[in-house]
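Basis for what follows: all heavy atoms, side chains included, without hydrogens, waters or symmetry-related copies. Per chain, numbering begins at 1; letters A, B, ... match sequence-line order.
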Amino acid sequence: MRCVINKRGDVMQMYLIQIMLSGLFVVLFLMATVQKSDSRLVKQQVLERELVLLIDSAAPGMSFVVNKGYRNGIVQDVFVQGGRIFVAVDGLVSLKGYSYFTKYSVVVREFDDRFVIEVRESG
Amino acid sequence: MVDTNALLLWNKRGVLGEHTLMIARLALIAFVTFILLGISSLVYSYDINIRDAEATLLARSVVNCFVTGDLLDPDKRELARSELENEELLYSVLDYCEIKGDLDRYYVRVIIFDSAREEYVFSQGDSGALWVRGLIKSQTETLMVARLDGSDARLEEVSSFKGYVPGYFEKKYSIKRSKDGGEGINFDIYVEVLVNAEV
């Protein structure tokens, strides 16, 4: 009788652990899916690639304005580093950015309501 | 008389079996979850592809580096054989053209044919991706058109289409080199650009 009681208790405990871990996996899965289906990533990609094409084709003296109140979200940060441009949209930080090429230097200036990307002569 | 030690040992063995089964079940659940995560990542992933435009823009920048208008720039880009044999120039055309940025994704090749049909080749980047281009380029589609020839109908090949290679651009330009106001020398410049996807 003792061993039967012990076994029943152990099975119950195992089931509980199993259910908790299964629930954890389901939550992780749902969180990953929600993150992937979020449109902020698309907005970020659109902005980065648009800016890259503009920089690639720009001549010195040109500048491009990105309003912070973008129609599809709030642009929180725009910066260039190591030949790549990074745009943060709606709290989504850009980790990889997108690479560009240019013969000139690219500078980003921040104002109250906009970012201005300027293409200047090197040096 | 019940052997208590045997009972305890039997219980422990039973518990161990349940643990093993539980680990196996959890591993199976984790495996299925990761598969579902992977599938959902594929379904919801979205990559905006601008490589074609990047390839065209890069080709334009490189050609402008060598050519001003329809003339090879004689001041900057002297086509003396001694300079062309400079290995630094041969394999770093983007650096030579002062094109900066994160250039790991780009492969550029420039071939200049002079009037004597001699080739001068400049390149930069990983040419390994060209074998993929070669595979796709070799797949051609043929457009066949049915033509009536009197009372006979026959199929005639009118054109063939090369497979689409994203991020690939090639073009040949004809240019002239001004000879100090004298007669121009004709050159052909062939530029090939391959832009790889972001990793």
>> List the residues meeting side chain to side chain donor-acceptor pair (under 3.5 Å) with B:R51, not counting sequence neighbours, and say none if there are none.
In response: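 Listed in chain order: nothing, the list is empty.
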>> Just so I know, are the side chains of A:N67 and A:R114 near enough to count as touching, which here means a heavy-atom distance under 4.5 Å?
In response: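 The answer is yes, as the side chains (C-beta and beyond) meet within the 4.5 Å cut-off.
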> Given a strict heavy-atom distance threshold of 4.5 Å, which part of B:D47 is in contact with chain A: side chain, backbone, both, or neither?
Replying inline: both
Please set out all donor-acceptor pairs under 3.5 angstrom arising from side-chain atoms of residues 51-64 of chain A, sequence neighbours excluded.
unit_1	atom_1	unit_2	atom_2	d
A:D56	OD1	A:F101	N	3.0
A:S57	OG	A:L53	O	2.8
A:S57	OG	A:L54	O	3.4

>> Only pairs of heavy atoms separated by less than 4.5 Å count here; which of B:I99, B:I48, B:L94, B:L57 has the most with chain A?
In response: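 Greatest number of close heavy-atom pairs with chain A: B:I48.
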>> For B:Y190, run the side-chain hydrogen bond (donor to acceptor under 3.5 Å, both in side chains) check against B:E170, B:K172, B:K171 and tell me which one passes.
In response: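 Result: among B:E170, B:K172, B:K171, B:E170 is the only option passing the side-chain hydrogen bond (donor to acceptor under 3.5 Å, both in side chains) with B:Y190.
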>> Tell me which of these, A:Y104, A:Y98, A:F25, has more heavy-atom pairs under 4.5 Å with chain B than the rest.
In response: A:Y98
